[in-house]
Amino acid sequence: MMEWTDRHCRFFHRLLTRRALIYTEMITTGAVLRGDRARLMAFDPAEHPVALQLGGSDPRQLAECAVIAADMGYDEINLNVGCPSDRVQEGRFGACLMAEPALVGDCVAAMKGRVRLPVTVKCRIGIDDQDPEEALDALTRAARQAGVDALVVHARKAWLDGLSPRENRDIPPLDYDRVYRLKAAHPDLAIVVNGGIIDLDQAAVHLARVDGVMMGRAAYQEPWRLLAVDSVLFGAGARHASPKAAAEALVPYVERELARGVRLHAITRHVLGLFRGVPGARAFRRHLATEAVKPGAGADVFRAAVDLVVDMDAQTVQTAAA
Ligand SMILES: Cc1cc2nc3c(=O)[nH]c(=O)nc-3n(C[C@H](O)[C@H](O)[C@H](O)COP(=O)(O)O)c2cc1C
């Protein structure tokens, strides 16, 4: 998610779940090929498994980017066919590619031809006045023929004409049934549903019908939910017993990054929602809001903020926040 899932966010989220697949922000092919690649694409080995999301529609450029990503060690390449912003439309990629399934197929085929990584597509169920049955079928057919490894479907249309990107995340109604029908029609293709999924109970309901669930805003705004992912969805041990333990585990990373010149706030802004329902959560947020933004703020500011919250195990947090 643009401006949200940068490398600091991803490192932090990986402290909360070993098993969930984590995605980068969308990075355009132009930025990969001509931008500050080290800054835009760097990731910590601890982030694995991590997928790079690309924005673009030129098959040759996308293939170049896929090779670069594979060389850097990314685990998956995901093509954005869902972003509705004007900038993206001008570049003729993102959600407007829903109207060009053959081109999406060419993009996927070009990437698949150059890398062994899984190549996936994140799309909508349609755009504007497209019929979601036909539009999603056409896109899926083209992507499948090109060898796509999975589709992540944001289960609502994007209205390119008239709605802002923000409105496009909430206003067009969700249609999970359309995604379930897609899965029923393509039982051997991995289908992941996205959009409006706010907790792991809802995720489990979807997982009875599709292969995966992608959580966006809920994962970012309420990261404490991720602490239960490994145990609830994967039957594995939780990475940390409590949000506080996870925050403490972030301290060495904070120290390392500050030593490299990163500002404290660039990391702690992603952590603000970690303590929902935990006594001391408000003091934690307030301390970071006032102190972490100050020039030269050090790791001690983060440590002091963490000291303000009670160590409450993840299970109790789930119950308290429910
Ligand atoms: C701040 C923000 C940035 C986003 N950036 C991207 C992006 O770069 N690529 C993408 O595929 N979706 C992006 N999205 C959309 C989300 O991935 C997701 O599809 C959408 O928010 C619906 O899922 P949710 O209800 O779980 O959040 C973004 C959403 C938000 C709120």
Side-chain angles (χ1 to χ4, degrees), residues 1-10 13 20-32 35 40-41 43 50-57 62 65 69 74 76-89 91 93-98 104 107 119-127 136 139 143 150-160 163-176 178-179 191-207 210 212-223 225-226 229 233 269-270 272-273:
M1 291 184 285
M2 309 281 288
E3 312 280 329
W4 286 12
T5 57
D6 62 16
R7 67 187 178 89
H8 305 307
C9 172
R10 298 191 308 262
H13 282 190
L21 176 60
I22 292 180
Y23 287 77
T24 66
E25 307 164 86
M26 178 181 73
I27 306 180
T28 64
T29 49
V32 173
L40 286 169
M41 295 178 70
F43 66 92
V50 57
L52 173 73
Q53 189 185 61
L54 288 173
S57 59
L62 282 163
C65 295
Y74 277 99
E76 174 182 318
I77 313 288
N78 177 265
L79 178 65
N80 185 315
V81 182
C83 178
S85 82
D86 289 346
R87 192 173 62 87
V88 159
Q89 288 182 56
F93 59 94
C96 59
L97 287 177
M98 290 297 301
V104 172
C107 293
V119 174
T120 62
V121 167
K122 177 162 180 269
C123 63
R124 299 276 185 147
I125 59 172
I127 49 169
L136 190 56
L139 187 93
L151 282 187
V152 182
V153 188
H154 183 175
R156 54 163 60 90
K157 275 185 162 183
W159 284 99
L160 302 184
L163 291 187
S164 69
R166 194 193 182 106
E167 290 169 329
N168 261 309
R169 286 181 213 126
D170 285 315
I171 293 180
L174 284 161
D175 185 355
Y176 297 129
R178 177 65 192 96
V179 184
I191 303 287
V192 177
V193 66
N194 165 247
I197 300 160
I198 58 165
D199 61 34
L200 300 191
D201 289 343
Q202 289 187 4
V205 171
H206 290 295
L207 285 171
V210 293
V213 165
M214 173 188 272
M215 288 171 74
R217 287 165 290 188
Y220 185 84
Q221 288 159 350
E222 305 201 316
R225 294 187 186 280
L226 298 176
V229 165
L233 299 182
R269 72 189 185 96
H270 303 300
L272 296 175

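Position 1 is the first residue of the sequence; numbering continues from there. In listed order, ligands and their atoms are each counted from 1.
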Asks: Is E167 reaching over with its side chain to a backbone N or O of L163, donor-acceptor style, under 3.5 angstrom?
Replies: no
Asks: Heavy-atom pairs closer than 4.0 Å: do any link ligand 1 to the side chain of R217, the backbone, both, or neither?
Replies: both
Asks: Any donor and acceptor pair, going by atom type alone, linking the side chain of T28 with main-chain N or O of G55 inside 3.5 Å?
Replies: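 Not confirmed, T28 side chain does not pair with G55 backbone.
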Asks: Among all protein non-hydrogen atoms, which one is nearest to atom 28 (C) of ligand 1, and what is the separation to 0.1 Å?
Replies: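 Checked against all protein heavy atoms, atom 28 (C) of ligand 1 sits closest to M1 CG, 3.6 Å.
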Asks: Do any N or O atoms from the side chain of Y176 and from the backbone of V193 form a donor-acceptor pair under 3.5 angstrom?
Replies: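 Not at all, since once roles are kept as given, no pair shorter than 3.5 Å links the two residues.
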Asks: Regarding atom 16 (C) of ligand 1: of the candidates K122, R124, Q221, which has the closest heavy atom?
Replies: K122
Asks: With Y23, which of N78, T5, L52 fulfils side-chain contact (heavy atoms from CB on, under 4.5 Å)?
Replies: N78
Asks: Taking 4.0 Å as the limit for heavy-atom contacts, which would you say applies to H154 with ligand 1: side chain only, backbone only, both, or neither?
Replies: side chain
Asks: Consider every N or O of M2 and every N or O of ligand 1, then say whether any pair is closer than 3.5 Å.
Replies: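 Yes; at least one N/O pair falls below 3.5 Å.
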Asks: Is the shortest N/O to N/O distance between W4 and ligand 1 below 3.5 Å?
Replies: no
Asks: Using a 3.5 Å distance criterion without hydrogens, assess whether the side chain of R124 forms a donor-acceptor pair with backbone atoms of K157.
Replies: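 It does hold such a pair.
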Asks: Mind checking whether R169 contacts ligand 1 via backbone (N, CA, C, O), side chain (CB onward), both or neither, at a 4.0 Å heavy-atom cut-off?
Replies: side chain
Asks: Between ligand 1 and M26, is the shortest N or O to N or O distance under 3.5 Å?
Replies: yes
Asks: To the nearest 0.5 Å, what is the distance between SG on C83 and CZ on R169?
Replies: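 Reported value, rounded in 0.5 Å steps: 8.0 Å.
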Asks: Could you say whether the N/O atoms of G216 and ligand 1 ever approach to under 3.5 Å?
Replies: yes
Asks: Supply the atom-to-atom distance H154 NE2 to N80 CG, rounded to the nearest 0.5 angstrom.
Replies: 11.5 Å
Asks: Using a 4.0 Å cutoff against the non-hydrogen atoms of N194, which atoms of ligand 1 qualify?
Replies: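 Per the distance check, 18 (C), 19 (O), 22 (C), 23 (O), 26 (O).
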Asks: Check if G195 has a non-hydrogen atom at a distance under 4.0 Å from any atom of ligand 1.
Replies: yes
Asks: For N80, take its heavy atoms, then give the atoms of ligand 1 lying under 4.0 Å from any of them.
Replies: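 This gives 9 (N), 10 (C), 11 (O) as the contact atoms.
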Asks: Describe, in one word, how the ring planes of Y220 and W4 are oriented to each other, choosing from parallel (under 30°), tilted (30 to 60°) and perpendicular (over 60°).
Replies: parallel
Asks: Would you check whether C83 reaches within less than 4.0 Å of ligand 1, judged by its heavy atoms?
Replies: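 It does not, in that no heavy atom of C83 comes within the 4.0 Å cut-off of ligand 1.
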Asks: Using a heavy-atom cut-off of under 4.0 Å, does the side chain or the backbone of Q53 touch ligand 1, or both, or neither?
Replies: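 It is the side chain that gets close, since no backbone atom is under 4.0 Å.
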Asks: Which atoms of ligand 1 have any heavy atom of G196 under 4.0 Å away?
Replies: 24 (P), 25 (O), 26 (O)
Asks: Check for a donor-acceptor pair, side chain of E25 on one end and backbone N or O of E3 on the other, with a separation under 3.5 Å.
Replies: yes
Asks: Looking at W159, is its backbone amide N or carbonyl O close enough to the side chain of N168 to form a donor-acceptor pair, meaning the two atoms are under 3.5 Å apart?
Replies: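 Checking the backbone N and O of W159 against the side chain of N168, a donor-acceptor pair under 3.5 Å is found.
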Asks: Report yes if I197 has an N/O atom closer than 3.5 Å to an N/O atom of ligand 1; otherwise report no.
Replies: no
